[in-house]
There are 2 protein chains.
Amino acid sequence: MNVMNASPRRKELTRLAAQLFVQEGFDRTTVRMLAQEMGIKSGSLFHHFKDKQEILAAVIEEGTQNALVIARKALDECAEDPEVRLRAMARAHLETLFTDRNAHVVALFEWRRLDPTASAHLSHLRDAYEALWVAVIDDALEAGLIHGDRFLVSRFVLGALNWTVRWYDPNGPRSPDDLADELVAMIMPTSA
Amino acid sequence: MNVMNASPRRKELTRLAAQLFVQEGFDRTTVRMLAQEMGIKSGSLFHHFKDKQEILAAVIEEGTQNALVIARKALDECAEDPEVRLRAMARAHLETLFTDRNAHVVALFEWRRLDPTASAHLSHLRDAYEALWVAVIDDALEAGLIHGDRFLVSRFVLGALNWTVRWYDPNGPRSPDDLADELVAMIMPTSA
DNA sequence: CGTTTACACTAGCGCTTGCTCGGTTACTCT
DNA sequence: AGAGTAACCGAGCAAGCGCTAGTGTAAACG
């Protein structure tokens with residue numbers, strides 16, 4: 001068994017698992033279903049992951065890592081103007097949400113199935129990501145770009161963005177970037 | 001077995017079930033756990049509900065019905081000013097979200113566990129509720145109170161509101177009404 | 001060459017699951 | 001008193017669950 005590696009094989013299996021977890025939910029996805037999707041038998045699955053829990057943790061870790069990388073890159077690449085940064089952050093959020101959609105849906109809706117150990121470890125990743133958001137929101141507030149309570153604003157914005165996975169159709173006419181821009185415009189009085 | 005009644009006993013059992021579904025998730029809640037919480041044995045449970053699915057449907061129906069009633073009452077009781085109605089609708093949403101919190105959390109996060117028949121029936125209820133929102137949003141847009149795409153705005157607002165169940169602490173300093181007002185203020189440029 | 005390593009297989013154990021069913025209790029209505 | 005009925009119990013079945021153990025095989029390595 002691979003204790004803690006990130007072999008390409010394991011990455012691919014993690015991707016397939018994410019898809020099934022989204023389709024069926026974590027609890028309803030059996031190891032036999034996972035194995036079949038991966039083209040192996042259920043016993044072989046435990047050569048790659050020590051138990052079902054570890055598969056869930058791998059899926060969520062993958063998604064959250066990517067979110068962090070993409071958000072940092074987006075912020076690095078743009079100017080220091082608070083409005084630009086806010087828009088960039090919103091775009092980055094939706095970008096990762098829909099390129100790694102399966103992993104993020106699992107992270108958002110199956111987080112509670114993690115055992116305490118895995119949850120604690122992954123919480124740090126998640127906190128690091130949210131810290132980026134809080135910083136951007138703070139700057140926007142300070143610049144008078146938006147108004148309200150910093151805590152509430154960031155929660156509302158993240159809620160609105162995360163909820164998109166429930167209704168957004170990637171095959172529709174609107175791009176994720178459009179969505180991000182519309183949301184930012186919605187909360188910015190100056191752009192009326 | 002009670003085919004389709006709403007006896008007080010069944011209502012109470014539904015309430016208890018909602019609580020457990022929130023704590024453990026639908027799939028992880030066994031009929032034995034449900035029975036114990038209700039003070040009966042697992043076999044007796046099927047005198048009240050024909051199967052586990054029906055319990056889930058009962059929980060969701062209860063919550064959605066209440067949401068409809070509360071929202072309609074709130075709209076009936078307030079003036080025709082679009083801003084007032086928007087605020088009233090947001091308040092009503094959070095009010096029902098936190099007085100029937102368990103039922104709504106189940107409705108929001110366990111909807112997919114419903115079998116197609118139950119889902120179809122309950123979708124009508126849900127659509128009726130969302131229609132109230134769309135009407136209110138439309139009026140607010142027409143009055144120039146808010147701006148943006150009517151479809152996107154309502155999705156963003158509902159997303160922000162629904163996501164509150166993930167972070168809002170009813171024992172904190174803020175009331176649900178405060179939350180609703182802050183959100184409305186956030187998306188209304190005129191109130192800056 | 002022999003040994004190691006990665007990956008897969010078969011078989012099945014021990015347990016839990018949703019649900020059934022015949023029988024019992026307690027209350028209501030005539 | 002007797003009949004009807006809603007509520008509940010105890011026992012357990014068939015299916016499915018996560019996971020383990022032991023084995024086979026082919027490529028990689030000294």
Side-chain angles (χ1 to χ4, degrees), chain A residues 1-60 106 110 112-119, chain B residues 1-60 106 110 112-119:
Chain A
M1 182 231 314
N2 284 319
V3 188
M4 203 41 185
N5 70 353
S7 67
R9 179 84 176 126
R10 183 171 151 129
K11 274 223 167 175
E12 171 65 6
L13 297 182
T14 303
R15 208 186 53 83
L16 290 168
Q19 191 186 340
L20 258 180
F21 288 162
V22 170
Q23 267 175 44
E24 308 288 329
F26 176 70
D27 291 323
R28 292 207 161 166
T29 304
T30 70
V31 293
R32 280 167 248 262
M33 292 164 65
L34 286 165
Q36 187 172 22
E37 192 78 9
M38 296 166 178
I40 57 181
K41 292 302 162 67
S42 71
S44 313
L45 214 163
F46 295 91
H47 171 74
H48 301 279
F49 303 93
K50 90 170 218 287
D51 57 19
K52 201 185 162 192
Q53 268 287 326
E54 197 182 89
I55 309 181
L56 177 62
V59 168
I60 295 183
V106 171
E110 309 280 1
R112 298 184 34 228
R113 307 288 161 247
L114 287 169
D115 63 41
T117 318
S119 173
Chain B
M1 181 228 314
N2 284 320
V3 188
M4 204 42 186
N5 72 354
S7 67
R9 180 80 176 127
R10 184 171 150 132
K11 273 222 168 175
E12 172 66 6
L13 296 182
T14 302
R15 210 185 51 82
L16 290 167
Q19 191 187 343
L20 257 180
F21 287 162
V22 170
Q23 267 175 45
E24 308 287 330
F26 176 70
D27 291 323
R28 291 208 157 163
T29 305
T30 69
V31 293
R32 280 166 248 265
M33 292 165 65
L34 286 164
Q36 187 171 21
E37 192 78 8
M38 297 166 178
I40 58 180
K41 291 301 162 72
S42 70
S44 314
L45 214 163
F46 295 91
H47 170 73
H48 301 279
F49 304 92
K50 92 170 216 287
D51 56 20
K52 200 186 164 192
Q53 269 285 326
E54 199 183 88
I55 310 181
L56 177 61
V59 167
I60 295 183
V106 172
E110 310 279 2
R112 298 185 35 229
R113 306 287 160 251
L114 287 170
D115 62 42
T117 318
S119 174

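Naming convention: chains lettered A, B, ... in sequence-line order (proteins, then strands); numbering from 1 in each chain.
Of the residues in residues 14-37 of chain B, those lying under 4.0 Å from DNA chain C by heavy-atom distance are B/Thr29, B/Thr30, B/Val31, B/Arg32.
Residue pairs meeting the side-chain hydrogen bond (donor to acceptor under 3.5 Å, both in side chains) criterion with at least one member in residues 18-35 of chain A, sequence neighbours excluded: A/Asp27-A/Arg113, A/Asp27-B/Arg28, A/Arg28-B/Asp27.
The distance between atom CG of A/Leu45 and atom C1' of D/dC19, rounded to the nearest whole Å, is 11 Å. Rounded to whole Å, the distance from CD1 on B/Ile40 to C1' on C/dT25 is 15 Å. The distance between atom CG of A/Asp51 and atom P of D/dC17, rounded to the nearest whole Å, is 17 Å. Note: CD (A/Glu54) to C1' (D/dG18) measures 14 Å, nearest angstrom. The interatomic distance linking B/His47 (NE2) with D/dC8 (P) rounds to 7 Å, in whole Å. A/Leu56 has its CG atom 12 Å from the P atom of D/dC19, to the nearest Å. Between B/Phe46 atom CZ and D/dG10 atom C1' there is a gap of 15 Å when expressed in whole angstrom units. We find that CZ of B/Phe49 is positioned 13 Å from P of C/dC19, with the value rounded to whole Å.
Atom CZ in A/Arg9 sits 10.5 Å away from atom OG1 in A/Thr14 (nearest 0.5 Å). One distance of note links CD of B/Gln36 with CG of B/Leu45; it measures 12.0 Å at 0.5 Å rounding. Atom NZ of B/Lys52 and atom CZ of B/Phe21 lie 6.5 Å apart (nearest 0.5 Å). B/Ser42 contributes atom OG, which lies 13.0 Å from atom CE of B/Met33 (distance to the nearest 0.5 angstrom). Atom CD of A/Glu12 is separated from atom CE of A/Met38 by 9.0 Å, given to the nearest 0.5 angstrom.
Looking only at side-chain heavy atoms (C-beta outward), A/Ile55 and A/Phe26 stay at 4.5 Å or farther from each other. Within the 4.5 Å cutoff, side-chain heavy atoms of A/Leu56 are placed close to those of A/Val106.
Side chain of A/Glu37 to backbone of A/Leu16: no donor-acceptor contact under 3.5 angstrom is found.
Residue contacts shown for A/Lys41 include a base, since a base heavy atom lies under 4.0 Å away.
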**Message:** Counting primed atoms plus P, OP1 and OP2 as sugar-phosphate and everything else as base, spell out the protein contacts along nucleotides 21-27 of chain D at 4.0 Å heavy-atom distance: B, S or - for each nucleotide, 5' to 3'.
**Reply:** -------
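Between B/His48 and D/dC8 there is a side-chain N or O to OP1 or OP2 distance below 4.0 Å.
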